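Below: the structure, in structure tokens.
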Amino acid sequence: MQRTTRSLSLALAASVALGVLAVPGTALAAGGPTLRSVSGDATEFGRLFVDDLAADSDITGVTAVLHPTGDDTAVATVQDFTLASGDRRKGDWITADDVRLATAGTYAVDLLLKEADGDETTLKNAGTYAYTAKRYLDGFGVDRPHPTIDDMKVTASGRLMEWQPVTHARTPVTDASVILDNGSYREYLRTDADGRFSHWFIADRRPALVRAFAGTAPAQSVEVTPQGLPARVTLDKSDFSGVYDTKVAVTGTVEYEIDGTWKPAEFADVRIENAAGLYQGSAVTDEHGRFSAETAVPFAGEQRVLNVGYGDWFSNRPAAPLTFHTTGVSRIGQFGAELGLDSRLTVSGLLDVDGAPRPHNALDIQISPNGRDGWKKLGTVTLTKGDSYFRTAIPAPASGYYRAVYSGSATVKGTVGPVVRASRIATLITSFKVPATVKKGAKIAVSGRLTHAVPNWRSYAGQPVYVYFSPKNKPQQSFQVAVVKTAADGMFRASFKERGDGWIFASHIHSDPKHLWAKSPRILVDVR
């Protein structure tokens, strides 16, 4: 765009003589008025619009000269500009009447500006006037911009028109494509003989722009915003009892109010949440406003609430608290039992309690001869508070079936662990003989017999038997005084020099993994 300065009166005088306005090219001047653009108005297509014209003093006159692009021969001169917005130092200007030309086409626009301080400025090629046919959407809108849940149907309609240059006539465009976007999907329509189009749809639950597109015509839009109505939820019951993590159905009805009447709400969202707002179950209401939302019985004392939502169709968010009386569950896992050679049973495993605090820490260990019935308590294991692992050793017979039993309480269901078998072959020292008195310095002769149950009691030959002496004045101490092997009939004999008053006993302790340890009675010897 070129800026030149000259006398406006001379230019107008020349236009009178020639019938057109020719703009001579003169020297550039520093500074002066500025603008954003000059073009045909966006809606009043026949008028010229000057966007954002600014100067350092008031603009007192605006003249537009239109000429073909590349040719300075003027085809029209327009002077009826008025302020459209802003003020004379910075504002928008528009012609009061349509600019009519003899031939359609695209024309360059020069602006001649006059300021209150006397400056006169010509802005060469300041913009373009597209004097061509223009399509536009007329009267586009919806019949119900604020629908309710009681009637969600909305109809959008409009008319596709075309403005003609030269005549400036506005005519309907028939059988043309129009795209209607309601925020959820697009519908492709055709205009009728009068250029009109129409389509109904179900409004979205949130505010949405409904837009129409028709080729080169500027898009039109209108917002559809739901009008929320009061809503409520009624539960069939709100108090539930059950075992932890089992499923229960929360049922009820959702309604909305319109004109003083409560009606069932279809397609409302029902959601069950815990105190942290985390999802615990959901449902959607049917045509009768009914729902059934499945949720798991929570940990004892955990709070839950049922919330109802339906976008902006509801003006409130109905909610209902839920109460649960939870029975916890217990489990015994990884249970094992192993019988040691000393007839002590080592049991171990895990006790887990879910759904409620553990009511107590005691586990019973039970024994049965066949693993099916006849169960009797053998001992008790006490767990450390907060610890689920248990392990202990208790005296036990040579053979048996074992299980762990947790009795539970009113708030936690008890449980029985798996049955396991543990056994060894019992061994026994019989006929153990030790003299009651011996002379000082003499030898003591001992004897006995080692047997084992396989399953009946029989001699246990070729096995080591150890003989021990415990001083009378130090009964906790024991000294090995002899070791012998049993004969074919299980008999063993040994002799050793007396060591003073004390107890004598025998033991078979180096048994294989299948046998128990055997120990004889303790017999007191008096040395005289």
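Predicted model only: the values in this text are computed from it and were never measured.
Salt bridge present: Asp194 and Arg196 bring a charged side-chain N and a carboxylate O closer than 4.0 Å. Between Asp138 and Arg170 no salt bridge is recorded (no basic side-chain N to carboxylate O distance below 4.0 Å). Ion pairing between Arg331 and Asp354 holds under the 4.0 Å rule for side-chain N and carboxylate O. At a threshold of 4.0 Å, the pair Lys376-Asp364 does not count as salt-bridged, since none of the basic side-chain nitrogens sits closer than that to a carboxylate oxygen. By the 4.0 Å N-to-carboxylate-O rule, Arg205 lies close enough to Asp269 to be salt-bridged with it. Under a 4.0 Å N-O distance rule, the pair Arg88/Asp58 does not qualify as a salt bridge. Salt-bridge formation is detected for the pair Lys263/Asp150: a Lys NZ or Arg NE/NH1/NH2 atom is positioned less than 4.0 Å from an Asp or Glu carboxylate oxygen.
For the residue pair Thr261/Asp259, the side-chain donor-acceptor check at 3.5 Å is not satisfied. Using modelled atom types and a 3.5 Å distance limit, the side chains of Thr95 and Asp80 yield no donor-acceptor pair. Side chain to side chain, Ser37 and Ser39 fail the donor-acceptor criterion of an N or O pair below 3.5 Å. For Thr148 and Gln227, the side-chain atoms include no donor-acceptor pair closer than 3.5 Å. No side-chain donor-acceptor contact under 3.5 Å links Thr121 and Asp119. Side chains of Asn274 and Gln303: a donor-acceptor N/O pair is absent below 3.5 angstrom, by distance only. For the residue pair Gln220 / Arg211, no side-chain donor-acceptor distance below 3.5 Å is found, with atom types taken as modelled.
Figure legend: cation-pi geometry between Arg403 and Trp375, with NZ or CZ positioned under 6.0 Å from the six-membered ring centre and within 45° of its axis. Lys134 forms no cation-pi arrangement with Trp163, by the criterion of a distance under 6.0 Å to the ring centre and an angle within 45° of the ring axis. A cation-pi geometry, defined here as NZ or CZ lying under 6.0 Å from the six-membered ring centre and within 45° of its normal, holds between Arg186 and Phe213.
Taking the side chain as every heavy atom from C-beta outward, Ile94 and Val50 never approach each other to under 4.5 Å. A heavy-atom distance below 4.5 Å is found between the side chains of Leu113 and Leu123. At a threshold of 4.5 Å between non-hydrogen side-chain atoms, the residues Leu112 and Lys114 do not count as touching. Contact check for Val75 versus Pro68: side-chain heavy atoms found under the 4.5 Å cut-off. Within the 4.5 Å cutoff, the side chain of Val416 has no heavy atoms near those of the Gln366 side chain.
Taking the ring centroids of Tyr406 and His360, they lie under the 6.0 Å cut-off. Tyr107 and Tyr129 have their aromatic ring centers separated by at least 6.0 angstrom. A ring-centre distance under 6.0 Å is not found for Tyr131 and Phe45.
Remark: side-chain polar atoms of His146 are not paired, donor with acceptor, to backbone N or O of Pro226 under 3.5 angstrom.
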Working for side chain to side chain donor-acceptor pair (under 3.5 Å), residues Gln280 and Thr295: CA-CA 6 Å; Gln280 301 297 327; Thr295 189; 5.0 Å; no
CA sep, side-chain torsions, deciding dist, call: Thr216, Arg135, side chain to side chain donor-acceptor pair (under 3.5 Å): CA-CA 7 Å; Thr216 59; Arg135 290 189 174 186; 5.7 Å; no
Asn361 vs Thr382, side chain to side chain donor-acceptor pair (under 3.5 Å): CA-CA, chis, key distance, verdict: CA-CA 6 Å; Asn361 301 315; Thr382 301; over 6 Å; no
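Contact between Ala396 and Leu345 at its shortest, heavy atoms only, is CB-CB, 3.6 Å. Residues Ser292 and Ala249 come closest through the heavy atom pair OG-CB, 3.7 Å. Pairing each heavy atom of Thr225 with each of Pro147, the nearest pair is O-CD, 3.7 Å. The two residues Phe140 and Val222 have their closest heavy-atom pair at CE2-CG1, 4.1 Å. Of all the heavy atoms in Gly195 and Thr174, the pair that sits closest is N-CG2, 4.4 Å. In plain terms, the two heavy atoms of Thr167 and Arg100 that are nearest each other are O-NH1, 3.5 Å.
Aromatic ring orientation, Tyr185 versus His199: perpendicular (interplanar angle above 60°, classes split at 30° and 60°).
Distance check, rounded to the nearest 0.5 Å: CG of Leu278 to CZ of Arg304 gives 10.0 Å.
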